[in-house]
Enquirer: 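Take a look at the following structure, please.
Given the structure is predicted, the values throughout are model-derived calculations rather than measurements. Proteins get letters first, then strands, A, B, ... in listed order; numbering begins at 1 in each.
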Amino acid sequence: MSVYLLRRLFQSLLVMLAMSVIVFVGVYAIGDPVEILISPDADQIERERAIKALGLDLPLWMQYLSFLGNALRGDLGRSFVFNEPALQLILQRMPATLELAFGAMFIALLIGLPLGLYAGLKPNSMGAKVVMTGSILGFSLPTFWVGLMLIMVFAVQLGWLPSTGRGTTVDVFGLRWSFLTWDGLRHLAMPALNLALFKISLVIRLTRAGVRETMLMDYVKFARAKGLSPARVTYVHVFKNILIPVVTVVGLELGSTIAFSVVTESVFAWPGMGKLIIDSINVLDRPVIVAYLMIIVLMFITINLLVDLAYSALDPRVRLENK
Amino acid sequence: MAQSPVVQSRSAYAAAAPAGAPTLEVRNLQTHFFTRAGVVKAVDGVSFTVGRGKVLGLVGESGSGKTVTGFSILGLVDAPGRVVGGEILFHGQNLASLREEEMRRLRGNRIAMIFQDPMMTLNPVLRVDTQMIETVQAHEKVSREVARQRARDTLGLVGIPSPDERLKSYPHQFSGGMRQRVAIAIALLHRPELIVADEPTTALDVTIQAQILAEVQKLCAETGTAMIWITHDLSVVAGLADDIAVMYAGKVVERGPVSEVLDTPLHPYTEGLIGSVPSRNKRGEPLRQIPGMTPSLLSLPQGCAFQSRCPKAADICHQTPSLERLLPERDARCFRPHLPEAAA
Amino acid sequence: MSATTAPVPTPVVVQPPKVETPFRRMASEFCESKTAVVGLVIFAIIVLIAVFAPLITPQNPYDLAQLDIMDGRMEPGTVGGAGFTYWLGTDDQGRDMLSGIMYGLRISLLVGAGSAIIACAFGASLGLLAAYAGKRTDTVIMRLVDLQLSFPSILAALMILAFLGKGVFNVVLALVIVEWAYYARTVRGTALVERRREYIEAAQCLALPTHRVIFRHLLPNCLPPLIVVGTMQIARAIALEATLSFLGLGVPITEPSLGLLISNGYEYMLSGKYWISFYPGIALLVTIVSINLVGDQLRDVLNPRLKK
């Protein structure tokens, strides 16, 4: 177990390192922040002072090394635009994004699992066909457009829900959360549903496919031959086998949900990391872009590790030896 | 043809059945699959009886409908297949006409089944105790503790050492033979009156197979459990079964007491099957084989399904033969049976 | 006693057996789902519209000389200054939405299909190479694939466009970089199974050149999953391009794709002028849905695990 963990941690570190090089080179080698940051009217001396202040005159590898050294001390540079530590900027906005992502995953499982189970158990029923066509729709609907349509219907036409922002927030452990107030929940509802749309379809399809394959297994037939009630066969024998792939994928999807929140956050002006990164890309605020990417990669690696562990806990066949 | 009036009663069937009646009597069972390509008559005229404590060997090649027959008895035929004709009389009660919930109460309780591949029959994500206790509790209102006790005892019965520890294991921690023992233990939990065993030893080593056969035989004799042993292996049947029913292309083509059928087969197919078993006293001789292939169930020839492979086929074989009593206790579905000189 | 049934053999009507080629079987299985057939028909119509857009649109929406700013933001069904009816209204620059959508489809399909084909060629080759060469080559390629796949498509594309700037070519490039790994993984997975089959051994025993074994023997047997993934990836690429354009990182504003048209309508939607965003979205939706319907049925038809 510990050997396995150590090896996984080492692999993760390597990926982090590789990503830091890719990101750094990508961001710093291409595009010129000087053009954006320094007023075109500025004279040569002003420009050079600014370049020196930002450390842009050093060779790329030196810039990278100092970046890496600083990163290890938790310093990912200061935003050119906000003149604040980039890491702090992102961490400030992280709760909003996490809140949105977890809300979306919760909605996805809440809606997706029952529908997928139903579609898998009665594949030829009318209802199943409606569910499956709906899930294709969920895959096909471009997130941003659905977001716009949600705003049009629920905010502009009906006026039920607010279209932008987080609403009233509550401070818990020094972080601001929306989901603890009614107003915050009202603000959260549309963006979370919007972000969940794709995941709902995914969960439906995974569950359905899992049910259909599991139903063909001998052990399901054997369970029926034992005289178990259909409910027990479905909810214990079939469902427990399906939970493994669904949990794995949903867990892995947390990362991509956080990533895709850039679109939803842009549509609903949700003040999270995603909105920050789009703004930063548009003004080439490199430290923020780099910091955001490093944080995202770190999150992904952590999520992958956690999913692996959850997977081994659920499936005894892959349970790690000598624990 | 024996066509005794059937005693049919929905309730208290065991009491209503005449004394000495067979545990199971299958009459002209037909199970068809309605597929895209056409109707597949997987089982199309299967009849046999199994008495208390007796073992019936149901023999045939793959695709002859043995397994589907087994599933039909337990009411486990999945769409697009269904039982379309015939009767499955369990103590005189027709299982084919039972509602699903009534059938469920019989399954695993009074009629149990053992599957072919022990690697696939136990749910990989559930512990053995879970899978055994749920079987007990599906049919009897007993506490978990009592159910666990029963599970442990039954595991001991089928020869699993230290059953207490093994109960807490997952199926993948068992070997194939051990898994099959667990599956057999699950089948035995409620002391069923009938066990349908679908090639339960085919996937196992020969030595393990022999052990399991011996134990199963002992259990049947002790508990009076009737058993249908589905197999393609005549040598297994020879040592185990009392009676034998040979299936070909969905039909029983020959049935009778096992020693008589194996000694003097009536149907050319049975003869061919016996001829293709390697044996010590035929060493050196080339093995005989049945020429040709099992016909597709979608395009069976008119008349006898075996005619294209039969050495004795004649014009009359283009007509459809029926299962006839040719000798005492011996039936065959053939126009040109191989009748022993003296008996004929 | 024995000859009791069927004394007169009835003449059997001999039907000429239908030759069942794999393709014909798949085609007939595909047609079993009416939704899939409808999807295929709709997709064909969309492709035709996109190809012949210049011939059937009343206006060239990219020709600024034809646009009349006085016709801006007109409601659907209004007759404009140019004398024809704006059935789907106009955007803020007086662009006929119907024409804009038809031209936008061209870009969306071009970008989607183009990137899918390039990514497929690139990814499939690497996947085959990984499976066939094995060992270190395999490890290197698959680590790259893992790295790529662990990174959500939207982010990777955003970054690449942030580095490279806007433009159709850069969008295609970004989509290829985002997508190749899916093809590589799919092909490698199938090829690893297939290359252990006897026919590959047979081909190798005949001392056929390696490229021939790979492309003539291995590749055709890896095609079914590749086709399924490819279909789905075209839909994904179209959606991703639209998203990028919506975020302002996609195609240039002078030649709007569907995503950009929707983006243009964003600010007017809050004042009730829904059509600028609504109709391009519908066009986008119908395109993606029709492709996904086809892909979905293809997956069922080509998946051997679900065969009865």
Enquirer: Where does the angle between the aromatic ring planes of A:F239 and A:Y235 fall among parallel (under 30°), tilted (30 to 60°) and perpendicular (over 60°)?
Expert: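 Perpendicular: the ring planes of A:F239 and A:Y235 meet at over 60°.
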Enquirer: Give a yes or no answer on whether the side chain of A:N194 reaches the backbone of A:M190 with a donor-acceptor pair at less than 3.5 Å.
Expert: no
Enquirer: Any heavy-atom pair between the side chains of A:F102 and A:T257 that's under 4.5 Å?
Expert: no
Enquirer: Would B:R110 pass as a cation-pi partner of B:F90, given that its NZ or CZ must be under 6.0 Å from the six-membered ring centre and within 45 degrees of the axis?
Expert: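 No, a cation-pi geometry is absent between B:R110 and B:F90.
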Enquirer: Does any heavy atom of chain A fall under 4.5 Å from the side chain of B:A187, the backbone, both, or neither of them?
Expert: neither
Enquirer: Heavy-atom pairs under 4.5 Å with chain A - which of B:M120, B:M119, B:E134 has more of them than the others?
Expert: B:E134
Enquirer: With only heavy atoms counted, which part of B:E100 is less than 4.5 Å from chain A, the side chain, the backbone, both or neither?
Expert: neither
Enquirer: Most heavy-atom pairs under 4.5 angstrom with chain A, which of B:L76, B:L74, B:V196?
Expert: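 Highest number of pairs under 4.5 Å: B:L76.
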Enquirer: Taking atom CG of B:L106 and atom CE of B:M103, what is their separation to the nearest 0.5 Å?
Expert: 5.0 Å
Enquirer: Looking only at heavy atoms and a cut-off of under 4.5 Å, which of B:D78, B:N109, B:D117, B:L189 has the most pairs with chain A?
Expert: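 Winner by heavy-atom pair count: B:D78.
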Enquirer: Using distance alone, with no hydrogens and no angle criterion, decide if B:S64 and B:E61 have a side-chain donor and acceptor under 3.5 Å apart.
Expert: no
Enquirer: Which region of B:L122, side chain (C-beta onward) or backbone (N, CA, C, O), has a non-hydrogen atom less than 4.5 Å from a non-hydrogen atom of chain A, or is it both or neither?
Expert: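 Looking at B:L122, backbone and side chain both touch chain A.
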Enquirer: What are the residues of residues 218-232 of chain A, in order of number, with any heavy atom under 4.5 angstrom from a heavy atom of chain B?
Expert: A:D218, A:Y219, A:K221, A:F222, A:R224, A:A225, A:K226, A:G227, A:L228, A:S229, A:P230, A:R232
Enquirer: Check this for me, if you would: do B:R104 and B:E101 make a salt bridge, where the nitrogen-to-carboxylate-oxygen distance has to be below 4.0 angstrom?
Expert: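 Salt bridge flag = yes for B:E101 with B:R104.
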Enquirer: For B:I186, which atoms come within 4.5 Å of any heavy atom of chain A: side chain, backbone, both, or neither?
Expert: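 B:I186 touches chain A through side-chain heavy atoms alone.
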Enquirer: Which value, rounded to the nearest 0.5 Å, describes the distance between B:L188 atom CG and B:T154 atom OG1?
Expert: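 Between atom CG of B:L188 and atom OG1 of B:T154 there are 7.5 Å.
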Enquirer: Return yes if some donor-acceptor pair links the side-chain N/O of B:Q131 with the main-chain N/O of B:N123 below 3.5 Å, else return no.
Expert: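 At least one qualifying donor-acceptor pair exists.
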